[in-house]
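First the structure, in the form of structure tokens, and then the observations on it.
Everything quoted here is computed from the prediction, not taken from an experiment. Any value given below was found using the heavy atoms of this structure, including those in side chains, with hydrogens, waters and symmetry copies removed.
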Amino acid sequence: MAKEAVECSVYNCDRKWQTSEITRESRFSQDLHPVSADLRDSGVERRHHVVSKTVDEVQKIIQQLTSEISYRDTRFQAISNSGVHNENFRVLAPSHFLITIPLRGLTGYRERQVRHWRYYSVHGAKLLSPVRDPEELQQWLEVEQFSKSLQQWHETEVNIEGDLVPAKVLAIFRELTEKSITSCNLSSKVSILESFSSVVRVAVETPDSQVEVELVPTVEIPTCWPERARWPRCFKRWPPQEKVQCIKSFGFNLLARSNYHWQLDFSRAECMLIEGLDEDGGCRMKCFRVMRQMKEDVWCTGNKPILTTYHLQMVLFWTCEKYPHAKDWRCFREGFLRMVKKLHKCVSQHFLKHYFIRGTNLLKYANTSDLDLVAGKLAGFLENPVLCLD
């Protein structure tokens with residue numbers, strides 16, 4: 001698996017705008033100030049070394065913590081200690097990680113027509129009006145959708161009227177996390193962070209820094225592809241059809257990140273899209289890495305930036321789909337500026353589609369003032385493209 005797999009996706013414009021952008025792209029390609037390949041690559045490699053070291057340190061701590069959690073409740077599986085290639089890890093920013101915690105005892109998933117209305121609170125109380133419907137990237141989850149399920153998943157501590165309720169799963173997981181931190185003598189290294197929602201966030205102390213980690217109980221469904229992910233779109237040449245079938249065979253996940261609804265996740269599919277991305281000799285991943293570096297160092301800095309590596313990954317996928325040919329990725333300058341233009345367009349319009357669920361805007365809840373600030377920096381860069389990777 002490529003090392004980038006751990007970091008681990010718009011509006012149509014009129015013909016006049018497209019013509020203008022083609023002209024601008026030509027000018028930008030000529031104006032991008034040259035930077036030596038050694039300097040560019042060394043900056044990216046330094047970043048990778050620092051992040052890999054942090055991932056390794058955090059992973060050891062979380063592996064110990066989740067082993068204790070799993071010992072207390074076997075429904076929660078401990079993460080493996082497999083280094084930077086751990087598929088449970090996502091580096092959203094150098095000091096902001098998301099780690100999925102697989103759930104045991106739910107197998108044989110099948111999609112089915114679920115009832116539309118729910119009239120209960122997360123505590124089980126009856127409501128007069130129904131709970132809101134899930135958004136495009138969310139769904140209800142009934143325990144009967146699994147052909148095999150442990151009896152514990154049918155109990156009222158996690159189940160209401162046949163639904164597996166994320167808030168209840170998270171409440172149990174939070175309590176287990178708090179107890180396990182104490183029993184593992186990790187209080188000096190791990191602390192629970194306050195949250196306005198039911199998500200479980202911890203601060204992990206490493207020798208060099210503090211890292212915020214969101215721990216997400218996850219139902220892994222490697223056996224099918226969700227119907228609402230209508231992908232690939234018709235007449236698209238990227239990725240190749242044989243790779244599409246391989247990607248779909250890896251299925252999807254459901255993440256407990258809200259009170260009522262489970263969030264669809266395609267981490268394995270995204271890793272497969274990235275793996276072997278430049279087998280044709282292109283520079284797509286080089287463009288992505290440099291864009292990520294510029295985002296973290298210049299355009300969108302901070303420990304919890306409004307734009308994460310995941311947003312950039314979606315930009316990468318959309319750009320690869322629009323420019324599917326090897327010849328489109330021979331020149332680093334042209335490929336890089338093409339990708340930055342796509343990012344600028346999405347940020348300035350406050351609209352970034354998820355690559356697999358097109359109806360989802362990944363910037364829907366982002367602070368618009370912060371987005372406008374980033375858009376301004378991107379616009380300034382495109383007017384005077386200078387790479388700052390020292």
Side-chain angles (χ1 to χ4, degrees), residues 2-5 7-37 40-41 44 231-247 269-295 299 309-349 351-356 358 378-379 381-383 385-387 389:
K3 67 184 179 184
E4 293 80 15
E7 303 190 25
C8 331
S9 99
V10 242
Y11 299 118
N12 289 324
C13 48
D14 59 34
R15 189 173 184 82
K16 180 179 179 181
W17 189 91
Q18 288 177 332
T19 303
S20 171
E21 284 303 290
I22 290 170
T23 302
R24 291 180 66 203
E25 179 176 350
S26 176
R27 179 167 60 84
F28 291 150
S29 296
Q30 296 169 3
D31 289 349
L32 178 59
H33 293 191
V35 60
S36 78
R40 181 181 63 218
D41 294 343
V44 171
W231 178 86
R233 284 150 287 283
C234 295
F235 309 115
K236 297 300 180 183
R237 298 184 180 181
W238 185 90
Q241 189 59 39
E242 59 272 16
K243 189 159 188 175
V244 167
Q245 297 308 314
C246 176
I247 288 169
E270 290 156 5
C271 287
M272 284 303 301
L273 271 175
I274 288 175
E275 187 173 359
L277 188 59
D278 288 317
E279 288 179 343
D280 59 7
C283 61
R284 300 167 188 85
M285 285 310 301
K286 181 180 289 187
C287 294
F288 171 78
R289 294 188 206 107
V290 174
M291 180 172 67
R292 181 183 61 194
Q293 187 84 33
M294 289 289 290
K295 191 275 295 184
W299 303 328
T309 296
Y310 191 73
H311 293 114
L312 301 190
Q313 185 173 280
M314 293 296 111
V315 170
L316 168 68
F317 293 156
W318 284 116
T319 311
C320 288
E321 183 176 284
K322 184 174 181 179
Y323 298 93
H325 304 294
K327 63 181 178 64
D328 297 322
W329 299 98
R330 295 288 185 237
C331 175
F332 168 78
R333 291 187 302 165
E334 292 179 2
F336 176 68
L337 287 170
R338 190 182 292 134
M339 212 174 280
V340 176
K341 281 199 323 170
K342 174 66 175 178
L343 177 62
H344 174 253
K345 179 181 177 183
C346 295
V347 174
S348 60
Q349 294 180 341
F351 194 91
L352 173 58
K353 291 181 185 178
H354 190 281
Y355 186 62
F356 294 112
R358 286 183 293 170
L378 289 168
F381 173 81
L382 290 172
E383 287 298 325
V386 179
L387 294 178
L389 301 178

### Any donor-acceptor pair under 3.5 Å from Trp329 side chain to Glu334 backbone
no
Side-chain contact test, heavy atoms from C-beta onward, threshold under 4.5 Å: evaluate it for Phe381 versus Met294 and give yes or no.
yes
To the nearest 0.5 Å, atom CE of Met285 lies from atom SG of Cys320 at 9.0 Å
Practice task
State whether the side chain of His354 and the backbone N or O of Phe356 hold a donor-acceptor pair below 3.5 Å, judged by distance alone.
Solution key: yes
Which of Leu378, Leu382, Leu316 passes side chain to side chain contact (heavy atoms under 4.5 Å, CB included) with Leu343? It is Leu378
- Message: Quick check: do Val347 and Trp299 have side-chain heavy atoms less than 4.5 Å from each other?
- Response: no
Contacts of Glu242 meeting side chain to side chain contact (heavy atoms under 4.5 Å, CB included) (sequence neighbours excluded), chain-then-number -> Pro240
In this structure, CE of Met339 is separated from OH of Tyr323 (nearest 0.5 Å) by 11.0 Å
(request) For residues Thr319 and Phe288, determine if any side-chain heavy atom of one lies less than 4.5 Å from a side-chain heavy atom of the other. (result) no
Of all heavy-atom pairs linking Cys287 and Gly335, the shortest is SG-C, 3.5 Å
With sequence neighbours left out, the residues meeting side chain to side chain contact (heavy atoms under 4.5 Å, CB included) with Arg330 are Ala326
In terms of heavy-atom contacts, Leu277 and Leu273 come closest through CD1-O, 3.6 Å
Discussion item. Looking at Met272, is its backbone amide N or carbonyl O close enough to the side chain of Lys243 to form a donor-acceptor pair, meaning the two atoms are under 3.5 Å apart?
Written reply: yes
Under 4.0 Å between a Lys/Arg side-chain N and an Asp/Glu carboxylate O for Arg233 and Glu321?
yes
Side-chain touch Asp328/Arg338, heavy atoms, less than 4.5 angstrom:
yes
Interatomic distance, CD@Glu279 vs CZ@Arg284, rounded to 0.5 Å, equals 10.0 Å
To the nearest 0.5 Å, atom CE of Met291 lies from atom CD of Gln313 at 10.0 Å
- Report the C-alpha distance between Lys342 and Lys322 in whole Å, list the side-chain angles of each, state the deciding distance to 0.1 Å, and finish with yes or no for side-chain contact (heavy atoms from CB on, under 4.5 Å). CA-CA 10 Å; Lys342 174 66 175 178; Lys322 184 174 181 179; over 6 Å; no
Pro232 meets the side chain to side chain contact (heavy atoms under 4.5 Å, CB included) criterion, sequence neighbours left out, with Val244, Lys248
Review point. Considering only heavy atoms from C-beta outward, does the side chain of Trp231 approach that of Ile247 to under 4.5 Å?
Key: yes
Does any non-hydrogen side-chain atom of Phe351 lie less than 4.5 Å from one of Cys346?
no
**Study point:** Mutual orientation of the aromatic rings belonging to Tyr355 and Phe317 [parallel < 30°, tilted 30-60°, perpendicular > 60°]
**Key:** tilted
